[in-house]
Amino acid sequence: MEGSERVISAVPGLLLVEEGGGRFSTIFQHRGGVQGRLPFTTPAKDFIAATEIGYRAYRREVKRLWEGHTLFATRLDIPVVDFEDFVEEALLLPSMLQKIDPVSFFVLRRSCCMCWRDRF
């Protein structure tokens with residue numbers, strides 16, 4: 001992201017700002033009014049960039065956890081330590097998304113925060 005700046009609104013959200021000439025920038029509005037911004041681009045360039053995002057490593061890690069983690073072993077009792085280890089590993093996955101697809105990471109983080117906030 002190009003940079004961060006402080007704004008008046010404290011409402012989190014994903015925003016688009018037009019520069020003119022058909023160019024826009026995606027803005028990540030976080031709690032407390034802190035913003036992150038992607039570079040200005042055109043819709044065509046952004047679409048092409050989105051189709052070129054490589055999720056292979058991310059999918060490989062999800063598959064590894066699903067198929068190989070001891071939490072999913074067939075047994076009657078599941079040790080708490082297996083669950084805790086799985087949660088630790090699963091919580092690392094979004095950081096992979098942040099690097100390759102910051103928009104999806106923002107939406108995921110926002111969705112998870114809303115789910116947890118509603119439960120507690």
Side-chain angles (χ1 to χ4, degrees):
M1 291 194 273
E2 283 184 350
S4 294
E5 53 196 64
R6 201 145 190 46
V7 294
I8 297 171
S9 175
V11 178
L14 191 60
L15 312 165
L16 293 177
V17 173
E18 185 178 8
E19 180 187 45
R23 292 169 36 99
F24 69 94
S25 177
T26 303
I27 297 177
F28 306 99
Q29 176 79 31
H30 301 281
R31 288 198 190 293
V34 176
Q35 281 188 345
R37 180 185 295 230
L38 293 177
F40 281 96
T41 187
T42 64
K45 287 181 182 177
D46 198 44
F47 179 73
I48 291 169
T51 62
E52 294 175 344
I53 296 172
Y55 294 99
R56 186 175 304 228
Y58 180 76
R59 281 192 225 130
R60 184 174 42 248
E61 282 302 302
V62 170
K63 184 177 180 180
R64 181 188 65 77
L65 277 177
W66 180 255
E67 293 178 350
H69 198 278
T70 56
L71 178 68
F72 301 110
T74 304
R75 56 193 163 174
L76 293 176
D77 294 322
I78 300 172
V80 172
V81 71
D82 284 355
F83 176 73
E84 291 171 342
D85 181 66
F86 175 77
V87 169
E88 270 185 45
E89 288 193 51
L91 288 174
L92 295 175
L93 289 174
S95 64
M96 292 178 75
L97 258 187
Q98 185 177 19
K99 295 171 188 167
I100 60 172
D101 187 354
V103 174
S104 292
F105 172 76
F106 180 85
V107 172
L108 174 66
R109 182 175 175 208
R110 185 80 180 102
S111 298
C112 290
C113 289
M114 290 174 67
C115 290
W116 284 106
R117 187 184 69 223
D118 292 342
R119 289 185 179 189
F120 298 101

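Heavy-atom basis, side chains included; hydrogens, waters and symmetry copies ignored.
Follow the hydrophobic side-chain contacts under 4.5 Å out from Phe47 and you never reach Leu16; the two are in separate clusters. Connection of Ile27 to Phe40 is not established within any shared hydrophobic cluster, with ILVMFWY side chains joined at heavy-atom distances below 4.5 Å, either directly or through further cluster members. Tracing side-chain contacts under 4.5 Å through hydrophobic residues (I, L, V, M, F, W, Y), one reaches Leu97 starting from Leu65; they form part of the same cluster. Val80 is not connected to Val87 by any chain of hydrophobic side-chain contacts under 4.5 Å among Ile, Leu, Val, Met, Phe, Trp and Tyr, and they are in different clusters. Side-chain heavy atoms closer than 4.5 Å link hydrophobic residues (I, L, V, M, F, W, Y) into clusters, and following such links, even through other members, never connects Val81 to Leu71.
Scanning all heavy atoms of the two residues, the minimum distance from Phe28 to Arg37 falls at CD1-N, 4.5 Å. Contact record, Gly22 with Pro43: O-CD, 3.2 Å, taken as the closest heavy-atom pair. Closest heavy-atom contact between Ile100 and Tyr58: CD1-CB, 4.5 Å. The minimum heavy-atom distance linking Ser104 with Tyr55 is given by the pair OG-OH, 4.2 Å.
A salt bridge between Asp82 and Arg75 is present, with a side-chain N of the basic residue lying under 4.0 Å from a carboxylate O of the acidic one.
In this model, a donor atom of one side chain and an acceptor atom of the other lie less than 3.5 Å apart for His69 and Asp85.
Contact check for Val62 versus Leu93: side-chain heavy atoms found under the 4.5 Å cut-off. Residues Phe106 and Leu14 meet the side-chain proximity criterion, which asks for heavy atoms closer than 4.5 Å. Between Thr70 and Ile78, every side-chain heavy-atom pair lies at or beyond the 4.5 Å cut-off. Considering only heavy atoms from C-beta on, Lys45 comes within 4.5 Å of Thr42 through its side chain. Arg64 places a side-chain heavy atom less than 4.5 Å from the side chain of Glu89.
Using the six-membered ring where Trp is involved, Phe86 and Phe72 have ring planes that are perpendicular, over 60° apart on the 30 and 60° scheme.
Atom NZ of residue Lys63 and atom CZ of residue Arg59 lie 11.0 Å apart, to the nearest 0.5 angstrom.
The backbone N or O of Leu38 sits less than 3.5 Å from a side-chain atom of Ser25, completing a donor-acceptor pair. For the pair Ser95 (side chain) and Leu92 (backbone), a donor-acceptor distance under 3.5 Å is present.
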Test log, rule side-chain contact (heavy atoms from CB on, under 4.5 Å), inputs Arg23 and Glu18
CA-CA 6 Å; Arg23 292 169 36 99; Glu18 185 178 8; over 6 Å; no
